[in-house]
Engineer: 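Questions regarding the structure given below will be posed in turn.
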Amino acid sequence: MLAIAYITLNTATTTPNGSRGVRPGEALPPFAVPLATSALQGDANVATRGGQGPAGRIPACRVRGPAILNSCELAQRGPVVLALFVPAGVCPRLVDALDGLRASFPGVAFAAVAVRGSRDDVRALVRGHRWRVPVGHDRDGALANLYKLATCAQLTLALPGGRVQGSALLGVPTDVRVRARVQELVDAARAGGWRPA
């Protein structure tokens, strides 16, 4: 609860300055988290190699399965639109926006991760909003640091292969702002030769 309160307060009192989020040109930080609606339990795996203790016993990119949301797997499919959000207040609106855009952008991998918060609350959000985008749960908050989460709702956009195209800090997400950022990503991916399958 303290983490949620801090991020919410930070969102309300901080003007985004473009210095937060993963920097353009960097690789999409690898992670594997349980899907919120699955029975799988565990903290986020953010290991980049084997034997990294709390980060993970094996590299995150190798942790796959039907109950797992894996950033490396997303990046193999095409452009990635990843939402990190705190499951409280207006923050889940970002996932509403992504869910509404999925059909308009074929070939783009949309996903979301709830950072901390009660898993039961996250499951209730998924079911209540009828989200079709996969939603992971980061119960220990590892992705907040990894992705430099600065607001309660943040997008990370990556080109096919996982090179970050940019981040969008969205204190109060709107469909128009989110669509514009996704369109920029798709245009950049097409300019690089990507075409939806």
Side-chain angles (χ1 to χ4, degrees), residues 21-38 40 44-48 56 59-85 87 91-115 122 125-126 129-138 142-144 146-149 153-170 173 175-197:
V22 181
R23 291 181 182 171
E26 291 184 3
L28 193 67
F31 70 81
V33 295
L35 288 170
T37 55
S38 75
L40 183 65
N45 181 321
V46 296
T48 55
C61 286
R62 289 179 36 204
V63 180
R64 309 278 177 111
I68 295 167
L69 181 63
N70 184 298
S71 62
C72 304
E73 188 174 5
L74 293 172
Q76 289 173 346
R77 298 179 193 164
V80 177
V81 179
L82 174 67
L84 297 183
F85 71 102
C91 310
R93 288 186 194 170
L94 179 54
V95 188
D96 288 333
L98 294 190
D99 202 58
L101 290 175
R102 285 176 71 239
S104 300
F105 294 96
V108 175
F110 289 91
V113 178
V115 178
V122 178
L125 283 170
V126 172
H129 291 247
R130 297 180 181 173
W131 290 333
R132 292 160 295 163
V133 296
V135 178
H137 183 237
D138 173 22
L143 297 186
L146 193 65
Y147 279 77
K148 301 175 180 73
L149 183 63
Q154 178 172 301
L155 278 181
T156 300
L157 304 108
L159 295 163
R163 190 65 48 194
V164 173
Q165 187 246 1
S167 295
L169 312 178
L170 302 166
D175 292 354
V176 171
R177 290 174 69 194
V178 174
R179 179 179 286 276
R181 289 310 307 263
V182 175
Q183 188 63 60
E184 288 173 13
L185 172 66
V186 169
D187 291 346
R190 285 181 176 276
W194 172 79
R195 295 293 180 270

Engineer: Nearest 0.5 Å, what's the CG-CD distance between Leu149 and Gln154?
Structural biologist: 5.0 Å
Engineer: Nearest 0.5 Å, please: how far is CZ in Arg181 from OG1 in Thr156?
Structural biologist: 10.0 Å
Engineer: Any chance you could lay out the side chain to side chain contact (heavy atoms under 4.5 Å, CB included) test for Lys148 and Ser167, step after step, and finish with the verdict?
Structural biologist: CA-CA 10 Å; Lys148 301 175 180 73; Ser167 295; over 6 Å; no
Engineer: Looking at every heavy atom in both Pro196 and Gly107, which two are closest together, and how far apart are they?
Structural biologist: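 Closest approach of Pro196 to Gly107, heavy atoms only: CB-CA, 4.3 Å.
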Engineer: Under the 3.5 angstrom rule, does the side chain of Arg64 hit a backbone N or O of Cys61 as a donor-acceptor pair?
Structural biologist: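 Yes, Arg64 side chain to Cys61 backbone: donor-acceptor pair under 3.5 Å.
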Engineer: Can you tell me how far apart CG (Leu94) and CG (Leu84) are? Round to the nearest 0.5 Å.
Structural biologist: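 The CG atom of Leu94 sits 9.0 Å away from the CG atom of Leu84.
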Engineer: Got a donor-acceptor contact below 3.5 angstrom from the Arg77 side chain to the Val108 backbone?
Structural biologist: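 Judged by distance alone, no pair lies under 3.5 Å.
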Engineer: Counting distance only, does the side-chain N/O of Arg132 pair as donor-acceptor with the main-chain N or O of Asp99 below 3.5 Å?
Structural biologist: yes
Engineer: Quick check: closest heavy atoms across Ala114 and Val122, and the distance to 0.1 Å?
Structural biologist: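 Shortest heavy-atom separation between Ala114 and Val122 comes out as CB-CG2, 3.6 Å.
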Engineer: Using the side chain to side chain contact (heavy atoms under 4.5 Å, CB included) rule, take Phe105 and Gln183 through it: C-alpha gap first, then chi angles, then the decisive distance, then the call.
Structural biologist: CA-CA 8 Å; Phe105 294 96; Gln183 188 63 60; 3.3 Å; yes
Engineer: Please determine whether the number of non-hydrogen atoms from other residues, nucleotides or ligands lying under 6.0 Å from atom CZ of Arg130 exceeds 12.
Structural biologist: no
Engineer: Between Asn70 and Ala60, which heavy-atom pair has the shortest distance, and what is it?
Structural biologist: ND2-O, 2.8 Å
Engineer: Just how far is it from atom CH2 of Trp131 to atom OG1 of Thr37, taken to the nearest 0.5 Å?
Structural biologist: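 Nearest 0.5 Å value for the CH2-OG1 distance: 11.5 Å.
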Engineer: Test Val46 against Tyr147 for side chain to side chain contact (heavy atoms under 4.5 Å, CB included), laying out the working first.
Structural biologist: CA-CA 11 Å; Val46 296; Tyr147 279 77; over 6 Å; no
Engineer: Let me confirm one number: the CG-CG distance from Leu69 to Leu40, rounded to the nearest 0.5 Å.
Structural biologist: 11.5 Å
Engineer: Which pair of non-hydrogen atoms, one from Leu159 and one from Ala189, has the smallest distance, and what is that distance?
Structural biologist: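 Leu159 and Ala189 have their closest heavy atoms at CD2-N, 3.7 Å.
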Engineer: What heavy-atom pair brings Leu125 and Pro92 nearest, and what distance separates the two atoms?
Structural biologist: CD1-CG, 4.0 Å
Engineer: What is the distance from atom CD of Gln76 to atom CD of Glu73, rounded to the nearest 0.5 Å?
Structural biologist: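 Those atoms lie 7.0 Å apart.
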Engineer: Might you work through the side chain to side chain contact (heavy atoms under 4.5 Å, CB included) test for Leu98 and Val178, ending with a clear yes or no?
Structural biologist: CA-CA 7 Å; Leu98 294 190; Val178 174; 3.7 Å; yes
Engineer: Using side-chain heavy atoms (C-beta onward) and a distance below 4.5 Å, is Leu155 in contact with Val81?
Structural biologist: yes
Engineer: Closest approach of Ser71 and Phe31, non-hydrogen atoms and distance?
Structural biologist: OG-N, 2.9 Å
Engineer: Would you say the side-chain atoms of Asn45 pair up with the backbone N or O of Pro59, donor to acceptor, closer than 3.5 Å?
Structural biologist: no
Engineer: Side-chain contact test, heavy atoms from C-beta onward, threshold under 4.5 Å: evaluate it for Pro79 versus Leu157 and give yes or no.
Structural biologist: no
